[in-house]
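Sequence lines set the chain letters: A, B, ... in the order given, protein chains first and strands last, and positions in each chain run from 1.
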Amino acid sequence: MSDKVIVVDPITRLEGHGKITIFLDEAGNVKRAYFQIPELRGFEIFCRGRIAEDMPIITPRICGVCPTAHHTASTKTLDDLYKVKPTPTAEKLRRLMYNLFMFEDHVLHIYVLAGPDFIVGPKAPKAERNIFGIIKKVGKEVGLKVIGARKKAREFMTIIGGKTIHPVFGLPGGVSKQLSEETRKQLLEWADEAIEFAKFTHDLFKKLFLEEYKDLVFSDAYMHKTYYMGLVDEHNKVDFYDGKIRIVNPKGNEYAKFDVHQYLDYLGEHVEPWTFVRMTFLKKVGWKGFVDGEDSGILCVAPLARLNAADGMKTPIAQEAYEEFFEAFGGRPVHYTLAMHWARIVETIQAAERIKELASDPDITSPDIRNIPTEKPSVGMAVVEAPRGTLIHHYETDENGIIQKVNLIVATQNNAARICLSIDKAARSLIKNGQVDEGLLNMVEMAFRAYDPCHACATHSLPGSIPLVIEIRNSKGKVIKELRNT
Amino acid sequence: MAEFKPNIVAIVCNWCTYIAADTAGTARIKYTPYVKIVRVMCSGRVDPQMVLWAFRNGADGVLICGCHPGDCHYKEGNYKAYRRYMLLKRLVKQLGIEEERLRLEWIAASEAPRVKEVFDEFVEQIKKLGPLKLREEVIENP
Amino acid sequence: MSKEKPKVAFYWCASCGGCEEAVVDLAEEVLKVIELVDIVFWPVAVDTKREDIEKMADGEIFASFINGAIRLSEQEDMVKLLRRKSKFIIAYGSCSYMGGIPALANMWNRETIFNWVYSESPTVMNPDKTTPKTKIEVKEGELELPLFYNTVRTLDQVIEVDYYVPGCPPTPQVTKNALLALLSDELPPKGSVIGALSKSVCEECPLNETKPDKVLIDSFKRLAVTKIDPEKCLLLQGIPCLGPVTRGGCGALCPNGKMPCTGCFGPLDGVLDYGGKAISFLASILDVPPEEDAVLKAIENLPDPVGLVYKYSLARSLLRGRIIKKGGGSE
Amino acid sequence: MSREEVRIGVYVCHCGTNIAGVVNVEEVVEYIKKIPGVVVARHYVYMCSEAGQNLIKQDIKEHKLNRVVVASCSPNLHENTFRRAVAEAGLNPYYFQMANIREHCSWVTEDPKEATEKAKMIVRAAVERVKYHEPLEKKKVEVKDKILVVGGGIAGISAALVCANAGKTVYLVEKSPSIGGMMSRLDKTFPTLDCAACILTPKMNEVASHPNIKLITYAEVESVEGFVGNFKVRIRKKPRYVIEDLCVGCEKCVEACVFKEPKFYDEWSFGLKKRKPVYIPFPYAVPRKAIIDPESCLYLKYGRCKQTCVEACDRNAIDFNQKEEIIEVEVGAIILATGYKFIDVSKLPQYGYGKYPNVYIAPEVEVMLNASGPTRGEIILRDGRKPKSVAIIHCVGSRDENNKKYCSRLCCMAAIKLAHLIKERTEAEVYNFYIDIRAAGKGYEEFYKRVASEGVRFIRGKVAEITDVALTPEEEGKLIVRVEDTLAGVIRRIPVDMVVLMPALEPATGVEEVSKMFGVSVTEDFWFLERHPKLAPIATFADGIFLAGCCQGPKDIPDTVMQAEGAAGDALALVSRGYIELEPNIVSIDPEKCSGCRVCVGMCPFGALKYNEEKGVTEVIEALCKGCGTCAAACPSGAIQQNLFKDKQVYAEIAGILAVGGE
């Protein structure tokens, strides 16, 4: 029985959106750190009995931060369910919407949530470490650029998708609304700004990573040798919207490449009694507990994983950035968790470039936006790359398209086990003989934040932004010391 | 255990069933005391909300009574009532309430004996089903 | 109001984070608002502990904006604390106002949900049927999780609520209107829905003008397999659009996206049960013979009334959810 | 709902023992007292009495009541009584609600305990409801001062004349080519034996010549729209193929018809005589105009005929191109006098009608006795003989579990009259077979005694069968009446030459359509349903529509004429006032809530809802709203509310009525 329990609880225990509990042994060394997600809503169950076309309306409510990911995954699942292909124009519109979403979501994370750690600095006071801090540091116009870029992207999303938070335009076989020529022109104008902004961001952070925070980024505390999963197109390039699921092993070699319809052969989920979230692992490798390495089924998703799992990017500028990235870390795969931020910027560039490509295509304004299904529905599966990783929807219906079964593998479930690893590893490397390092909080927070764990999907914290508190308690549970990251 | 006395409300049309019930009274036709009448001008005034409200307020069963098809004092009010009733029944069933607890009957002004027939019969049916317990009465929260 | 800036708190329960995004989407607007108030509690942005709130005097917080439904025990505890400390409690967004999408879980109970999520789901590999517990003995010690309730409740089924801001999520405009209404000298009557319209979505819907005099149809159609004329009222095309029965103020976003309104703003004043009213008007516009077969045919494409009319409001409905017979957890 | 605190007075009526005999009124009062808002609760022996009403008025003044509930009989009886009382005390009459604990409770509940419990709930519901009542005003609507009479029998004729003499325009619509109805077939009427024609024809002619009566024969009502005071009626007049204005009834066309002999079924004489395709219904028909029957006329049927009738008519009155015409009239009141018909006795084989030629039904005999009838008033059997013995059988289909359970009321006296006339004209032996003789009426019993004393035989017993199977020589060639003489207690076989059946009466053909068209309820036997069997035996539940004669139930001529003139009185009272007050239960739309979704517009069959393009809201045309509330139920935004049936009022009532044992 340990005589100390450390509870790291975002804000308060009763706040209840992800909490960390660390057990020490008599010597005051870490026995085990637990990361708990105390949140569950049961979407898989209550989608039952609904009509299939309600799914793209209902599932985005899993997450208000990445609703477009769920909406798109759901819409694609309906295509599969009704065995109908979207018209070329419809697919382009969905891809356009999706890249706009990737762009604004990444930008939000980079600047508003994770950025402050690097731009303002991890040691800077909490009050400084936010978008306003950034504005102070890099100048107002950059700050306004950030706010502006996101705002603009979201305006376009509203026009195309009906709504930004919880879009509505997806239908089996296409989309509900045609794109106006006027909007296309505006998009085209704006796309260049977006690309410029992405490039600017890339240069800005590249410098920070390679200079100011090199030690941090390359720190062992954030390194796990795990499997990596991501979606790739027919040329094994990173694709957010569609493609084959590719998994590379810790050595970076292709472990598997499969169609979403085989996901059950590869992915399993582990249940722990102390958290509400299911943890994905590789079925064939097996669940070996919270350890990394080639023999452990634990895998990693999201930007870093996508880059590791792909042979390159879809677009030229992003491709250059991709190459620079692996050069900097000495080749594929990259195991440093904090490299996640860089990878995210590489993806941001691709998103911006894709927006331009798609907006340049005159066919995107065609009125031919929908194929009406003719087949009877039965089973549908689809996958997309959500900003926070691979997202799989799987529905079964009766012949009237009434949902009978739903299985959802949400990005953060895929990362859940690895996040636990990071927390545990950070704790072990920083807590020695009962001495709790003052930096622990921030370190843990940054490890945590790197994943951009969209706990709206499993819990509810806005990505990364998790102010932490450490309570050191004796076995009676009495707080004997308290640390806060403010 | 005490005998179950169903608590039933009948929302009835002013021009047919209400009159039939008056006539049944004048004729001293004895029937169940458990069905209590609420009058509306036409079964077309019956809003599904009223039925749900009745269940919420302790009704074990709800009757809607109107004029026979073609006899509506307002031409088609009873048709509207019927269409709403059909869709409402589907909703109510999905929410775990036996369809039999909701019934629509046409009773003409002249059919005083049918008032007894329908009311007594409905009470028997509800007795078979037993009291209606709402969700929170069945599964405790937490 | 006192000289110092009024203290404001934001809190989330069982929601998706969309309501926070909605506030963030106010962008410049939110900065203006923040100048007017002092945000003392906002889990996504401001670091305050429960203890800090407990230390406050009762009613010290001017207004607490609470989004999300009540799904877990700790959510109930926290909102009760906020109720004590706040002058006004504002149920922000459909989930706290009506239960929202998560309240569709009221068609089942805890047991059914756990069974699927932790054992029946095809990816789960959980031979010894482990499920999350409120107190868990791990070999290093004891861990805790909040209690997962059987039934999702609206905020006002747990604490007294002063105002409601509807929407899934509330649009920036609605949010702004609501904030201004609260900060104005003349407060709206307690219990009212603020920020939105007193009229239905049709009021703002461009397709409303395409209606003929009489809105009557011969049957309902399934969106999944129906071609939509983007220039014609969806209702008249047989698509069960809930615009007429839903509070406006969103700017008719969905109809503008050529999709039916699904009712996230909830009922209008004077409507008792959103779903009941929706059923009433949907069935009313059917112009078919009053015979069983004819009517069944006309409504065969409405196989899921609950999902249609209680998509966001099952917890607030008169029946709260499905009545589950003892042991009858699953359908 | 009004700000002021509600102060409710509740009055539970004993109605003598009608309520108090079953319901424990004290207990109800004690229970009601506890409901918040109730200031006084009393029980009283007769609330509808002046004393009872004064009780309410005093309390309103003393206790500053602003709501009143009376728990007594059906609102259909006394709602207006109490509303008036409330109004006289200076309160808006709609701050009142009635709880029906007699018809709906004490009279229908066996167990006093249960009845008391039910009464509590009914009263509670009224109390909860009245809290949400609002002041209303009756709406005045102008009334058309014209009257429609449907049916030209003695009922319709009498009603029409009274109305016309009062100076009102009357439209009298008759289905057949002539007015007169059943009475026109009669020779004499009981009990005075005065000549039917002599008393009917003057009235018929008065109708024809009356400046205020628009007589529309050979016509039927096609549709009725509108409501009390403002009915719009469409009348379809079938073509006569004879221009009425030109025809003088000279019958030249009849003589000239290519059919030399009459050979077609004659409706008036029930087929006892035959007619030609062109004919005059009966000698004193009104209008006395020829008519051509398209079914039997060669030209109209086959388009081939010499058209001798056309040549014969020197006034060129015959017009084969005549089309049916639609006549639209607007009236304030309607009198239904659609009369009756006899049941089809051939469905009762035991009486042998249709099987034995010498079995007749009463109306045939009436026609035979009629001086203008086929036999000029003689009783001559189908084989030409004069009967030496006649059996008159009462209650053929009446008072019969398998047929009409009711007594047809006029048969007894008619049978006795026929007995008298037959005996008078044939000196035959006349037997009456009866169950009971019902001679309730002025001079009826005396008439019965008189005829009995004339030697007509009365045998009490229900006739088992009529047969021609003779068992004895004297039965040969006769019809034998098998009957149990319940007075003598023996089965008897009585051989006769002629049998006269007194068939039960039933409503005239097409009564179902008529009831639907006019929105008038019917009894299970399809007689029109009066508003109240005693207090409103003429009015119907459809305001502005009144009943006259046998369409409401079997009656003899005096009762028919009485009711007809009563109906005329009611109709006149209505139209003479010039306006009516409508229950204010119409709907209103709150423009602050209406988004102009137009769901309601399709709900209204009366076109009372109109979308206002400029304002973008739907509006109510009050004059057209009938107050069904269908649109209120449909209105998705709750913008439409129905007076007296607002959502909150109905919800309060439902919650109240379900609050079993409620606090």
Side-chain angles (χ1 to χ4, degrees), chain A residues 2 5 11-12 14-16 21 23 31-32 34 38 40-42 44-46 49-54 57-58 61-65 67 126 147 151 162-163 165-166 168-169 172 176-177 264 267-271 273-276 278 372-373 400-402 407 409 456 460 462 465 467 469 486, chain C residues 12 14-22 25 27 43-44 47-50 71-72 74 77-78 101-102 104-105 107-108 112-113 116-118 121-126 130-133 136 138 140-141 143 145-146 148 168-169 223-225 227-228 253-254 256-259 262 303-304 307 331:
Chain A
S2 65
V5 180
I11 302 160
T12 80
L14 282 132
E15 185 7 57
T21 309
F23 293 98
K31 270 200 317 200
R32 172 80 184 272
Y34 287 91
L40 175 73
R41 281 167 297 160
E44 291 171 321
I45 279 289
F46 64 67
R50 312 284 79 85
I51 54 175
E53 57 266 51
D54 264 352
I57 302 298
I58 293 175
R61 269 74 183 188
I62 292 171
C63 172
V65 181
K126 175 76 178 171
I147 295 175
K151 194 156 181 256
K163 285 170 76 187
I165 303 174
H166 309 320
V168 295
F169 79 140
S176 66
K177 193 182 173 189
L264 288 172
L267 303 179
E269 289 181 293
H270 174 74
V271 178
W274 43 264
T275 183
F276 280 113
R278 303 187 317 220
I372 302 299
N400 298 318
I402 312 292
N407 194 38
I409 299 201
H460 285 178
L462 266 196
S465 142
V469 175
T486 44
Chain C
W12 51 40
S15 66
C16 67
C19 286
E20 273 71 29
E21 284 270 321
D25 276 352
V44 308
D47 175 25
T48 324
K49 295 194 317 174
R50 177 191 170 90
R71 168 86 277 181
L72 302 168
E74 65 183 14
D77 300 339
M78 191 64 193
I101 294 260
L104 282 171
M107 293 297 284
W108 289 271
T112 337
I113 294 170
W116 173 264
V117 175
Y118 300 116
S121 160
T123 27
V124 166
M125 306 182 80
N126 181 13
T130 308
T131 55
K133 307 272 182 300
I136 314 96
V138 292
E140 300 85 358
L143 292 168
L145 280 176
F148 184 92
C168 184
L223 200 51
V225 293
K227 182 133 190 66
I228 302 297
L253 283 172
C254 296
N256 274 309
K258 309 305 176 191
M259 290 288 278
T262 56
D304 173 28
E331 290 224 288

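With chain A as the partner, the residue from C:Leu145, C:Ile228, C:Val225, C:Leu223 showing the most heavy-atom pairs under 4.5 Å is C:Leu145. In terms of heavy-atom pairs under 4.5 angstrom with chain A, the leader among C:Leu143, C:Thr130, C:Ile113 is C:Leu143. Contacts with chain C were tallied for A:Gly42, A:Pro373, A:Pro67, A:Ala52; A:Pro373 has the most, counting heavy-atom pairs under 4.5 Å. Highest contact tally toward chain A, considering only C:Leu253, C:Asn256, C:Thr262, is held by C:Leu253 [criterion: heavy-atom pairs under 4.5 Å].
Put simply, the side chain of A:Ser176 gets close to the backbone of C:Gly257: a donor and an acceptor are under 3.5 Å apart. Checked by atom type and distance alone, the side chain of A:Arg278 pairs as donor or acceptor with a backbone atom of C:Val117 at under 3.5 Å.
Contact of the C:Pro102 side chain with the A:Arg61 side chain is not registered, since no non-hydrogen atoms from C-beta on lie closer than 4.5 Å.
With a threshold of 4.5 angstrom between heavy atoms, A:Phe276 approaches chain C through its backbone and through its side chain. Contact annotation for C:Thr131: only backbone heavy atoms (N, CA, C, O) come within less than 4.5 Å of a heavy atom of chain A. Only the side chain of C:Ile136 comes within less than 4.5 Å of a heavy atom in chain A; its backbone stays farther off. With a 4.5 angstrom heavy-atom cutoff, C:Cys168 touches chain A via backbone and side-chain atoms both. A:Ile58 touches chain C through backbone and side chain together, each having a heavy atom under 4.5 Å away.
Contact between A:Tyr34 and C:Glu140 at its shortest, heavy atoms only, is OH-OE1, 2.5 Å. Taking every heavy atom of both residues into account, A:Phe23 and C:Gly141 meet most closely at CE2-CA, 3.7 Å. Taking both residues in full, the closest heavy atoms of A:Ile165 and C:Glu21 are given as CD1-CB, 3.6 Å, listed atom of the first, atom of the second, then distance.
A distance of 6.5 Å separates CD1 in A:Ile45 from OG1 in C:Thr112, rounded to the nearest 0.5 Å. Atoms CD1 and CZ, from C:Ile101 and A:Phe46 in turn, are 7.0 Å apart once rounded to the nearest 0.5 Å. Rounding to the nearest 0.5 Å places CZ of A:Arg41 at 7.0 Å from OG of C:Ser15.
Annotation: side-chain hydrogen bond (donor to acceptor under 3.5 Å, both in side chains) contacts of A:Thr275 (sequence neighbours excluded): none. Considering only residues two or more places apart in sequence or on other chains, C:Asp304 meets the side-chain hydrogen bond (donor to acceptor under 3.5 Å, both in side chains) condition with A:Arg50, B:Gln94.
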